There are 2 protein chains.
Amino acid sequence: MARRTVSSDPFEAIAQPKRRQVLETLARYPGAGCPVNELVVSLGLPQPVVSKHLAVLKGVGLVSLEKRGRQRFYRVNGEGIRAVHEWAARFERFWTHQLTSIKERAERRARDLPTPNTSEEPRRDHD
Amino acid sequence: MARRTVSSDPFEAIAQPKRRQVLETLARYPGAGCPVNELVVSLGLPQPVVSKHLAVLKGVGLVSLEKRGRQRFYRVNGEGIRAVHEWAARFERFWTHQLTSIKERAERRARDLPTPNTSEEPRRDHD
DNA sequence: GCATCCTATTCCGTAAATGGAATATATCAA
DNA sequence: TTGATATATTCCATTTACGGAATAGGATGC
């Protein structure tokens, strides 16, 4: 049961390294975006593969599309990636504080406290 | 051919919503971390499922582990998430600039590019 | 009309992740 | 030792994503 559904959230979409590559490549183009054939050359991947990845990225809103002539210009749509950025930012305190002091404090608390499961309420201790 | 390997990079690991839940729950605990049984209660998932997700997170360095008695305390390891945060930050300009000005610039450039067949007014009839 | 270019989509085989259940391992307690 | 607790691991079935090849669709040019 409960498989992953790549077509629903940006985290799934960027899980695939090639799709991150697509985004990184797109990001190097100006606001007008980049047509598929140029992406195909840049990435060195078969065109159907690129198109399929673009379809996934578009499905989750990570890129947007503009048709011009027979080409389709894709460009990065920041909002989706912003969500990822903000999710990760929630964990900022885990890398801004030095790990060593966190570890020390963790071990000190571990020794001194009975067991931290007496309350349902999560604790926030900071230094 | 080229499958995704969940046990190799943090992007794969956080693709799974339940693993993000695990991280979010862990983040609410103090530096000492959280034992598995408490995670099981908090998440309402079967214990083997939680353990398996923790194994994946540990495999990619998103959590670290400290044994104490028969319990194992897991805590968030910031470095892995930091990588995600920094990757997303590379796209910051796509959401800090207003979308409207980006669009305008896109269309201006689209007119100026050497691609043929855009001598007319650019079309805005789709997104 | 027809041919050509650009892109999307379908079909298919394979590899892999997920969850459930049962079991194994490890630690403590009596 | 035996038993209970805490966690990990194995086996299994299901579902899914991925890539490749071929094909379809759509726009342009002749």
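All figures in this text were calculated on a predicted structure; none of them were measured in a lab. Residue numbering restarts at 1 for every chain, and letters A, B, ... go by the order of the sequence lines.
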Provide, to the nearest angstrom, the distance between the [atom1] atom belonging to [X] and the [atom2] atom belonging to [N].
X: B:Q16; N: D:dA17; atom1: CD; atom2: P; answer: 12 Å
X: B:L54; N: C:dG19; atom1: CG; atom2: P; answer: 12 Å
X: B:E12; N: D:dC18; atom1: CD; atom2: P; answer: 8 Å
X: A:L43; N: D:dG19; atom1: CG; atom2: C1'; answer: 15 Å
X: B:R68; N: C:dA26; atom1: CZ; atom2: C1'; answer: 16 Å
X: B:R72; N: C:dC28; atom1: CZ; atom2: P; answer: 12 Å
X: A:L45; N: C:dT7; atom1: CG; atom2: P; answer: 15 Å
X: B:Q21; N: C:dT18; atom1: CD; atom2: C1'; answer: 15 Å

Check: Which heavy atom of A:V40 sits nearest a heavy atom of A:Q47, and at what distance?
Finding: CG2-CA, 3.7 Å
Item checked: B:V76 versus B:A27, closest heavy-atom pair with distance -> CG2-N, 3.9 Å
Please determine whether any donor N or O and acceptor N or O are separated by less than 3.5 Å between the side chain of [X] and the base of [N].
X: A:K18; N: D:dG19; value: no
X: A:Q47; N: C:dA8; value: yes
X: B:K52; N: C:dG20; value: yes

Check: Could you give the distance from CZ (B:F73) to OG (B:S64), rounded to the nearest 0.5 Å?
Finding: 12.5 Å
Are OP1 or OP2 of [N] and a side-chain N or O of [X] less than 4.0 angstrom apart?
X: B:H53; N: C:dT18; value: no
X: B:N37; N: D:dT5; value: no
X: B:R19; N: C:dA17; value: no
X: B:Q71; N: C:dT27; value: no

Next item on the list: For the side chain of B:R70, starting at C-beta, report the closest nucleotide among D:dA4, D:dA8, D:dG19.
Entry: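 Comparing D:dA4, D:dA8, D:dG19 against the side chain of B:R70, the answer is D:dA4.
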Next item on the list: Among D:dA8, C:dT18, C:dA8, find the nucleotide with the atom closest to the side chain of B:Y74.
Entry: D:dA8
Next item on the list: Measure from the ring center of A:W87 to the ring center of B:H85 and say whether it is less than 6.0 Å.
Entry: no
Margin query: A:E66 vs A:R72, test: side-chain contact (heavy atoms from CB on, under 4.5 Å). Steps then yes/no.
Written below: CA-CA 6 Å; A:E66 182 187 355; A:R72 299 192 179 192; over 6 Å; no
Margin query: Taking any heavy-atom pair under 4.0 Å as a contact, classify B:P48: base, sugar-phosphate, or nothing.
Written below: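 Touches a base.
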